[in-house]
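Comments concern the structure below.
Each ligand, and each atom within it, is numbered from 1 in the order the structure gives. The residues of the chain are indexed from 1 along the displayed sequence.
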Amino acid sequence: MSHHDERTFVMVKPDGVQRGLIGDIVSRFEDRGLKLVGAKFMQIDEELAHEHYGEHEGKPFFEGLVEFITSGPVFAMVWEGADATRQVRKMMGETDPADSAPGTIRGDYGLDLGHNVIHGSDHEDEGANEREIDLFFDDAELVDWEMDTADWVYEDESH
Ligand code: IDP
Ligand code: MG
C-alpha cells in the first residue's frame, strides 16, 4: 500500500437511512474510485454518541444532536483512497445543507442543518479519521483487498 491507503470514516445518518439514500451515497463513493474497506448497519447508543460527538459537548445543539443520531439506524463505513478524508468532505458539502453546492451530498439531499444526511471525518481535525474508525470498527471488521479498478483510477502503480 502507499499514499492511496488513507482511510476515512463516513456514516449515513438516521435521516439518510429513513429516506432511502444509503445506496446513492455508497454509489457516489464507488463512482469516485474510493475503495470500501468496512461497513455496518447499526444503531448508535447514548455512550457511543457522546464519544463520537464529544467535541460538541456543552454546545446548545448537543443534546438534540445525540437524540437525533441515536433515534434510528445509521450506515457506518470506512472508505480508502488518495486524500480520502478531504475528498469525502468535499463530496459532502458544507455542514449546513443550505450553504452546500448542488452536486454535493448535503446540497442535493438536505435543507436543514440538524438533518444533514451524512457524517464524514473532518480533515482539518488531525487524526479524526483514525480515531473515528477505531471508535466504530474493530480491526477484524476492516477488509484488506485489492480493488482491480485501482489500475485505472490511479496513474501510478503504487497502490
Ligand atoms: P460536520 O458534520 O460538518 O463535521 P460539525 O460542526 O462537526 O459539522 O457538527 C456536527 C453535527 O452537528 C453537524 O453535522 C450537524 O448535524 C450538527 N450541528 C452543527 N452545528 C449545529 C447547529 O448550530 N445547530 C444544530 N445542529 C448543528
Ligand atoms: Mg465534524
Hey, does Arg106 come in under 3.5 Å of ligand 1, counting only N/O atoms on both sides?
->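 So ligand 1 has an N or O lying under 3.5 Å from an N or O of Arg106.
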Hey, could you give me the CE/CZ distance between Met77 and Phe137, rounded to the nearest 0.5 Å?
->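 With rounding to 0.5 Å, CE (Met77) is 8.5 Å from CZ (Phe137).
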Roughly how far, to the nearest 0.5 Å, is CD of Glu141 from CD1 of Ile133?
->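 Rounded to the nearest 0.5 Å, the CD1-CD separation comes out at 12.0 Å.
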Among all protein heavy atoms, pick out the one at the shortest distance from atom 23 (O) of ligand 1; state its residue, atom name and that distance to 0.1 Å.
->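 Checked against all protein heavy atoms, atom 23 (O) of ligand 1 sits closest to Leu113 CD2, 3.5 Å.
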Closest protein heavy atom to atom 25 (C) of ligand 1, given as residue, atom name and distance to 0.1 Å =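 That would be Phe61 CB, 3.5 Å.
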Does Leu65 approach ligand 1 within less than 4.0 angstrom via side chain, backbone, both or neither, non-hydrogen atoms only?
->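 Contact part for Leu65 vs ligand 1: side chain (C-beta onward).
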What part of His56, side chain, backbone, both or neither, has a heavy atom within less than 4.0 angstrom of ligand 1?
->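 Side chain only.
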Heavy-atom contact check, 4.0 Å cutoff: does [X] meet ligand 1?
X      : value
Lys13  : yes
Arg89  : yes
Glu124 : no

Heavy-atom side-chain contact between Met147 and Glu80 under 4.5 Å =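 No, side chains not in contact.
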Could you walk me through whether Tyr53 and Phe62 pass the ring pair (Phe, Tyr, Trp, His ring centres under 6.0 Å) check?
-> CA-CA 8 Å; Tyr53 281 128; Phe62 180 71; 7.7 Å; no
Neighbour count >12 (heavy atoms, 6.0 Å) for atom CD, Glu67 |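 Open.
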May I ask you to list the atoms of ligand 1 that are less than 4.0 angstrom from any heavy atom of Thr95?
->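 Near Thr95, meaning under 4.0 Å from one of its heavy atoms, ligand 1 has 1 (P), 3 (O), 8 (O), 13 (C).
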For Asn116, the ligand 1 atoms whose distance to one of its heavy atoms is below 4.0 Å |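 Within the 4.0 Å cut-off of Asn116, ligand 1 contributes 13 (C), 14 (O), 15 (C), 16 (O).
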Are side-chain N/O atoms of Thr8 and Asn129 paired as donor and acceptor at under 3.5 Å?
->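 Asn129 and Thr8 do not have a side-chain donor-acceptor pair below 3.5 Å.
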Salt bridge (Lys or Arg N to Asp or Glu O under 4.0 Å) pairs, two or more places apart, involving residues 9-29 =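 Found Asp24-Arg28, Arg28-Asp108.
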